[in-house]
Protein chains: 2
Amino acid sequence: MGENGARAPSIRDVAQAAGVSTATVSRTLSNPDVVSEGTREAVFRAIRDTGYIVNVAARNLRKRETGAIAVLVPNIANPFFSRILSGIAEVMSEAGYNVLITDTTPMSLDDHRFPEYFSHNLTDGLIILDGMLNKDLLLNRGAPEVRAPMVFACEWIDEVPRPTVTVDNHEACGIAVRHLIDLGHRRIGHLGGPPDNVLSKHRMRGGREALHTNGLPHRRDWVYEGDFTLRSGAKIANQWLAQSDRPTAVYCASDEMAMGFIAELNRKGVRVPDEVSVLGFDDLEIAEHFVPPLTTVHQPRVAIGRAAARMLLERMNTDPRERVLGPVPRVVLPITLVERGSTAPPPSS
Amino acid sequence: MGENGARAPSIRDVAQAAGVSTATVSRTLSNPDVVSEGTREAVFRAIRDTGYIVNVAARNLRKRETGAIAVLVPNIANPFFSRILSGIAEVMSEAGYNVLITDTTPMSLDDHRFPEYFSHNLTDGLIILDGMLNKDLLLNRGAPEVRAPMVFACEWIDEVPRPTVTVDNHEACGIAVRHLIDLGHRRIGHLGGPPDNVLSKHRMRGGREALHTNGLPHRRDWVYEGDFTLRSGAKIANQWLAQSDRPTAVYCASDEMAMGFIAELNRKGVRVPDEVSVLGFDDLEIAEHFVPPLTTVHQPRVAIGRAAARMLLERMNTDPRERVLGPVPRVVLPITLVERGSTAPPPSS
DNA sequence: ACGAGGTATGTAATCGTTTACAAGATCCAA
DNA sequence: TTGGATCTTGTAAACGATTACATACCTCGT
């Protein structure tokens, strides 16, 4: 690697240039008030002259903290996460922390580099948005009280008991289904996410129970397996079209699937909501601007981010022993159904 | 902070448990082949038993490299960036690097924490997707040969001479406008991005020149100022509606604006492309699934990410002196127009 | 004039690794 | 048996900051 003699100026160079000790330089930087005015000026001038930037690695090593947290996102391509990240960034940067985002998808690193994230010296804490991480990696890594505290948001892993911020996915889908029933639908299907995903499971079950409660059938051939993406929504549209006996309404595990579904139907000349009602989940920015505007379950995404950040902050400030022994807080944020244009009474047929 | 006696096991603990020196442990980890089989096993066992995780801060300090790069994104909420990030992550993790993403929006850090990113000890390199960063912060920070190499992608800053990966925005908008002209449009408007953004400028000018070349007017009241977002597209729709003398086609500086524009018109009962043609820019995932499917300028986003990553890798491997003295490479990737359903001949009126 | 109390600075240990160098062991050819 | 190679391991010096502690210098009341 391009190693040659040149080195970035260190605190020593600054000290020398300012005619003081390194301790004084350090103090000037971290606590300007304790040094005399003359010294302070000399040090700042020396910093400017030398072009000094603190060596973060050295500081982190010595202080045993980094001033940064990491967010592990399953898929940055999913616009769902962006607002959550905003919420996190907002609270965290106010608290003086840097926020580093990592996509867990390309993590072939998994076994190698991954554990280092938990080592309390790359970051001071972790917010995990990915419920599919290897749980052994998360657990079997030495005493938890010496590891960086972590909290789950949105998704979680049942076997890993950590603080969690979620919405009531179960309840949400109950509300969604009830909305469709209120519109007069009796034949209700579901576009689900990947079957091994926690959210998929809860969303599926929530709807199923609501159907049961209302004496409606939960038909196997009316639940379609997708993966939260636009593309899978479009694919399911074709499955739906191919059926002779179809639901008149579907509720989806994500807005993207709902939109992919609608777009593909549109292309095939089937109008939403005239011929079939579609109900989304997430309330992405675009949902309101889609054609037709999407009826969907609104998740308070910024609030989720903020809550997760605040919870992490709190965990980072509690004694590790207590953190391990104490209860595991869980906060559940309220969702709301926002009715727009993609749902309507079933075709009178 | 929750500091108590407990400490994560260090390499010393492992060495003791395995009955070897710390040097041997270190070697076992970084280069297993040089130690004898017995030792290797003992060390690995000790690592397992103690739950040891390497202290990244200490390693970074000593090795003077971090094995990570940072990507500075202006706004993660913008789905445009996601595929670029995938491209970057792909080649970077293959090269053994971690990718850390930071949103520059909430960077009140700006003056304080920000420069540390350039200090070659938080990351080994930088990919900057934000052309609005403070250029003084980027430049006036000591000798460039001791700072982390950086490359721009998508956006850039003229005053900061660094390698760049872009598309020909100017040309792209020429093609866009020509497409509209070919369809028969003579009254062509533009939804632009923030006026101080590099991309906005180039996209605007490219279209204007094509209009000139074809003897068509570039009317001030037909260029609308937005900020790349859905919301601004919707706002502009209302401006358009309020005009008595309107363009019959608009080309937009982003897909989001195009979609916001279309959705708002739709809500007001104006159909696209029947009454007005709309041409986007970016070719987001959703563009194809929008109703109507968006005609738009396709940016090879994954390729952009890959190219930027490869370029950074190359810069990180060239001698710092040479890097500073040598030429500044620029790669321009080809764009294509993808014709879908949001453009059509003007209303016959 | 003296000591207490306060302020400003310096000295030096420390954080947990990596690695140049030295040294001990083993092996084999002469 | 001896003298290199070759392998394996240990010793100890970095890396560049922070901070507990010591020290020197003032100020001021008595």
Side-chain angles (χ1 to χ4, degrees), chain A residues 1 3 5-43 46-47 50-67 116 119-122 124 142 146, chain B residues 1 3 5-43 46-47 50-67 113 115-116 119-122 124 142 146:
Chain A
M1 316 289 150
E3 184 60 70
R7 268 200 199 170
S10 78
I11 198 171
R12 281 194 138 77
D13 302 311
V14 177
Q16 194 158 35
V20 299
S21 74
T22 62
T24 300
V25 176
S26 176
R27 275 188 290 254
T28 309
L29 247 27
S30 61
N31 199 359
D33 296 332
V34 309
V35 304
S36 73
E37 191 178 324
T39 309
R40 203 184 313 144
E41 278 171 13
V43 169
I47 289 178
T50 55
Y52 171 73
I53 299 177
V54 65
N55 183 317
V56 192
R59 177 198 287 174
N60 291 352
L61 173 58
R62 173 62 224 237
K63 296 185 78 172
R64 324 187 95 240
E65 66 181 41
T66 66
E116 299 172 3
S119 59
H120 223 323
N121 48 48
L122 187 49
D124 297 340
V146 300
Chain B
M1 312 291 154
E3 185 58 69
R7 266 198 201 172
S10 78
I11 199 171
R12 281 193 138 75
D13 302 311
V14 177
Q16 195 158 34
V20 298
S21 74
T22 61
T24 299
V25 176
S26 177
R27 275 188 291 254
T28 309
L29 247 27
S30 60
N31 198 358
D33 296 332
V34 309
V35 304
S36 73
E37 190 178 325
T39 310
R40 203 184 313 145
E41 277 171 14
V43 169
I47 289 177
T50 54
Y52 171 73
I53 300 177
V54 65
N55 183 319
V56 192
R59 175 197 289 174
N60 290 352
L61 173 58
R62 175 60 223 237
K63 295 185 77 172
R64 324 186 94 242
E65 68 180 42
T66 66
R113 196 104 63 167
E116 299 172 4
S119 59
H120 224 323
N121 48 48
L122 187 50
D124 297 341
V146 299

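Below, chain A is the first sequence line, B the second, and so on; all start at residue 1. When reading the values below, keep in mind they use all heavy atoms of this one structure, side chains included, and skip hydrogens, waters and symmetry mates.
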How many angstroms lie between atom CG of A:Asn55 and atom CZ of B:Arg64, to the nearest 0.5 angstrom?
-> 8.0 Å
Rounding to a whole Å, what distance do you find between B:Ile47:CD1 and C:dT17:P?
-> 10 Å
Between C:dC15, C:dT19, D:dG16, which one does the side chain of B:Leu61 approach most closely?
-> D:dG16
Estimated bend of the helix from C:dA1-D:dT30 to C:dA30-D:dT1 (axis per five terminal pairs, rounded to 10 degrees) | 60°
When B:Asn60, B:Leu61, B:Val56 are each screened for side-chain contact (heavy atoms from CB on, under 4.5 Å) with A:Leu61, the one that passes is B:Leu61
Looking across every strand, which nucleic acid part, if any, lies under 4.0 Å from A:Val25 by heavy atom: base, sugar-phosphate, or nothing?
-> nothing
Within this structure, what is the CG-to-C1' distance between A:Asn60 and C:dG16, rounded to whole angstrom?
-> 13 Å
Taking all non-hydrogen atoms of both residues into account, name the closest pair between B:Arg27 and B:Val35 and its distance.
-> CB-CG1, 4.2 Å
When the distance from CZ of B:Arg12 to P of C:dT18 is rounded to whole Å, what number comes out?
-> 13 Å
Nearest-angstrom distance from the residue atom CG of B:Asn55 to C1' of D:dC15 = 13 Å
Where the side chain of A:Arg7 is concerned, which of D:dT18, C:dT17, D:dG16 is the nearest nucleotide?
-> D:dG16
Rounded distance (Å) that lies between atom C1' of D:dT19 and atom CG of A:Leu29 = 15 Å
Donor-acceptor pair under 3.5 Å, A:Arg62 side chain vs D:dT18 base | yes
Are B:Thr22 and D:dG10 close enough that a side-chain N or O sits under 4.0 Å from OP1 or OP2?
-> no
Is B:Ser26 touching bases, backbone alone, or none of the nucleic acid, heavy atoms closer than 4.0 Å?
-> base
Among D:dG10, D:dT9, C:dT17, the one nearest B:Val20 by side-chain distance | D:dG10
From CZ of B:Arg64 across to P of C:dT17 the rounded distance in Å is 19 Å
Side-chain heavy-atom pair A:Leu122, A:Thr66 within 4.5 angstrom cut-off = no
Please work out if B:Thr24 contacts a base, only the sugar-phosphate, or nothing of the nucleic acid, heavy-atom cut-off 4.0 Å.
-> sugar-phosphate
A:Arg59 CZ to C:dT17 P: how many Å, rounded?
-> 21 Å
From B:Asp33 CG over to B:Thr28 OG1, what is the distance, rounded to the nearest 0.5 angstrom?
-> 10.5 Å
Rounded to the nearest Å, what distance is computed from the CD atom of residue B:Glu65 to the P atom of nucleotide C:dT17?
-> 17 Å
Are OP1 or OP2 of D:dT9 and a side-chain N or O of B:Thr39 less than 4.0 angstrom apart?
-> yes
Among the nucleotides D:dA17, C:dA8, C:dT19, which one has an atom lying closest to any side-chain atom of A:Ser10?
-> D:dA17
Check whether any side-chain heavy atom of B:Ile47 sits under 4.5 Å from a side-chain heavy atom of B:Leu29, and report yes or no.
-> yes
Distance col, row A:Gln16:CD vs A:Arg12:CZ, nearest 0.5 angstrom, shows 9.5 Å
At what distance, to the nearest 0.5 angstrom, does NZ of A:Lys63 lie from OG of A:Ser30?
-> 7.0 Å
5' priority, DNA chain D, between A:Ala58 and B:Arg27 [closest heavy atom] = B:Arg27
